[in-house]
Amino acid sequence: MARSLNIPALVGLHHARHMIREGELLIVDGSQGVLIVDPDPIVLAEYQLRQSQHELEKKKLRRLKTTPAATLDGAPVELYANIELPQDLEGVHEAGAQGVGLFRTEFLFMNRKDLPGEDEQYEAYREVAKAMGGKPVVIRTLDVGADKALSGNGALMPNPALGLRAIRFCLAEPQMFLTQLRAILRASKHGCVRILLPMVAHVHEVEQALAFIRQAKEQLDDKGIEVGGMIEIPAAALALPMFMKRLDFLSLGTNDLIQYTLAIDRTDDAVAHLYDPLHPAVLHLVAHVIQTATRGGTPVAVCGEMAGDLALTRLLLGFGLRNFSMHPAQLPAIKERVLRSSLAEVQPLAQKVLRSSDAAKTRELLAKLNA
Ligand code: PEP
Ligand code: MG
């Protein structure tokens with residue numbers, strides 16, 4: 001949310017409000033996770049310089065808006081944007097994204113007492129589909145629960161991250177799910193819309209969801225729409241072929257994949273230092289999904305935070321990823337990194353990272369990749 005509003009932000013600063021006096025000057029360095037209270041003039045001048053360099057860099061990157069993303073050896077790379085509300089579209093256009101790779105629809109449902117009706121949802125989805133003018137828009141069906149709680153839902157669950165969330169919740173609320181599916185299908189007439197199912201772990205969840213999509217289509221006398229699944233539960237990553245067989249595309253949700261692989265609650269700052277995208281288990285799952293899907297001819301994207309992390313762009317390219325979806329603010333820098341990367345160089349290094357079982361060695365190889 002802060003990123004969408006272009007506001008630097010830090011989280012998990014306990015007791016900060018008791019330690020900072022009213023009216024004190026603060027430097028919020030969101031990129032390094034640093035807060036400086038009442039900086040001395042030298043520190044302040046240094047940060048003012050960094051701020052203007054950052055602005056200059058952003059301006060330079062804007063020149064790449066219409067440049068197609070491709071590696072130095074000519075491999076095309078698709079760069080998509082993640083959005084939460086139709087209001088985010090301005091940033092999507094500014095960034096020159098090839099489409100919307102993840103529309104997190106739960107934000108239409110949150111912070112209110114009632115559920116949005118079919119027409120209200122249809123208007124929001126249509127607005128995005130139309131504004132993208134024929135470019136793909138991947139609409140994720142409602143992913144509530146755990147970190148994205150609906151008012152009055154989730155409070156009583158013993159373990160919300162493992163509970164009735166995302167596709168499980170939708171399948172348990174068929175009327176609500178059908179309402180959303182009808183709204184998406186109606187909006188699909190106005191652009192190139194695809195449906196993405198969150199948190200799939202079982203084949204029967206996919207089959208039930210596909211049956212609901214067929215039912216919604218019959219009610220609307222509709223034809224085809226591509227349906228994909230989020231791979232964000234380790235079980236789905238490990239049993240990929242059964243999802244490839246039933247779905248048109250896959251999208252790796254690395255935020256949840258890391259949470260569930262490492263058993264780290266992504267909202268709990270007490271264990272945030274253990275939340276590590278470079279853990280060998282995470283990298284093996286990510287590489288396995290990209291390689292298995294690509295070999296089997298199923299399009300695969302990454303739409304979690306890893307896709308927008310500059311330090312990981314070359315590693316993911318080396319694993320074979322050609323479709324990244326991220327917050328629009330991250331897209332220009334990622335494009336520049338792609339334009340300066342050679343697959344011939346990054347592929348062997350990425351394989352070495354996969355073979356490394358030592359954290360220091362992994363970081364050393366990553367530094368080499370990014371040199
Ligand atoms: C993810 O889990 O990586 C993802 C993209 O979905 P969200 O962050 O909305 O859970
Ligand atoms: Mg997720």
Side-chain angles (χ1 to χ4, degrees), residues 1-4 9 11 79-85 88 92 97 99-111 137-150 153-154 159-170 180 194-201 205-206 209 228-237 243 249-268 272 275-279 281-283 285-287 289-290 293 300-309 312-313 316 319 321 323-331 334:
M1 187 68 80
R3 214 186 264 148
S4 298
V11 292
L79 301 180
Y80 290 87
N82 295 352
I83 64 166
E84 268 119 48
L85 290 167
D88 298 336
V92 177
V100 171
L102 172 65
F103 181 175
R104 289 182 163 103
T105 57
E106 45 281 1
F107 289 86
L108 294 169
F109 291 71
M110 286 162 69
N111 301 316
V137 175
V138 178
I139 303 183
R140 180 171 74 183
T141 58
L142 188 61
D143 180 16
V144 283
D147 56 309
K148 308 173 210 87
L150 282 188
N153 169 267
N159 197 339
L162 304 182
L164 195 67
R165 56 168 300 196
I167 192 69
R168 304 166 185 180
F169 180 73
C170 288
Q180 182 173 40
R194 296 173 186 150
I195 294 176
L196 180 61
L197 307 170
M199 301 253 329
V200 292
E205 290 166 337
V206 173
M230 296 267 306
I231 303 301
E232 49 186 345
I233 296 179
F243 296 101
F249 64 95
L250 302 172
S251 196
L252 263 160
T254 51
N255 308 338
D256 277 310
L257 188 66
I258 297 169
Q259 155 164 273
Y260 293 119
T261 303
L262 302 180
I264 302 297
D265 184 337
R266 61 192 264 199
T267 64
D268 184 353
Y275 186 94
D276 182 10
L278 292 177
H279 189 291
V282 173
L283 294 182
L285 286 175
V286 169
V289 170
I290 295 168
V300 60
V302 171
C303 66
E305 285 290 312
M306 281 177 84
D309 185 342
L312 303 177
T313 309
L316 292 172
F319 288 165
L321 186 72
N323 185 327
F324 296 65
S325 191
M326 69 208 79
H327 191 281
Q330 298 165 321
L331 199 147
I334 298 288

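Every heavy atom of this structure was used, including side-chain atoms; hydrogens, water molecules and symmetry mates were not. All ligand and atom numbering here is 1-based and tracks the order in the structure.
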N/O to N/O below 3.5 Å, does that happen between [X] and ligand 1?
X: Thr254; value: yes
X: Glu106; value: no
X: Glu305; value: no

Compare all side-chain heavy atoms of [X] with those of [Y] and state whether any distance is below 4.5 angstrom.
X: Ile290; Y: Val286; value: yes
X: Asp309; Y: Leu316; value: no
X: Leu162; Y: Tyr260; value: yes
X: Arg104; Y: Asn82; value: yes

N/O/S of Asp143 less than 2.8 Å from the Mg ion (ligand 2)?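 So Asp143 does not bind the Mg ion (ligand 2) by this criterion.
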
Looking at [X], which atoms of ligand 1 are within less than 4.0 Å of one of its heavy atoms?
X: Cys303; value: 5 (C)
X: Gly253; value: 1 (C), 2 (O), 3 (O)
X: Leu102; value: 5 (C)

For Met230, is there any backbone N or O sitting under 3.5 Å from a side-chain donor or acceptor partner on Ser251?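 Not at all, since once roles are kept as given, no pair shorter than 3.5 Å links the two residues.
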
Check: Gly304 main-chain N/O paired with Asn255 side-chain donor or acceptor under 3.5 Å: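 Between the backbone of Gly304 and the side chain of Asn255 there is no qualifying donor-acceptor contact (under 3.5 Å).
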
For atom 10 (O) of ligand 1, state which one of Met230, Arg266, Met306 supplies the nearest heavy atom.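 Selected option, by shortest heavy-atom distance: Arg266.
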
Proximity winner for atom 7 (P) of ligand 1, if only heavy atoms of Glu84, Arg104, Met199, Met326 are counted: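 Nearest option to atom 7 (P) of ligand 1, by heavy atoms: Arg104.
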
Mind checking whether Leu252 contacts ligand 1 via backbone (N, CA, C, O), side chain (CB onward), both or neither, at a 4.0 Å heavy-atom cut-off?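 The answer is neither.
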
With the Mg ion (ligand 2) as the apex, the OE1/OD2 angle for Glu232 and Asp256 - to 10°: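 Here the angle at the metal atom is close to 100°, to 10°.
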
For Ala209 against Leu197, the heavy-atom pair lying closest together: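 Heavy atoms of Ala209 and Leu197 come nearest at CB-CD1, 3.7 Å.
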
What protein heavy atom lies closest to atom 6 (O) of ligand 1? Include the residue and the distance to one decimal.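 Result for atom 6 (O) of ligand 1: Arg140 NH1, 3.0 Å.
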
State whether Arg165 and Asp256 are salt-bridged, where the test is any N-O pair (Lys NZ or Arg NE/NH1/NH2 against Asp/Glu carboxylate O) under 4.0 Å.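 Yes, charged N to carboxylate O under 4.0 Å.
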
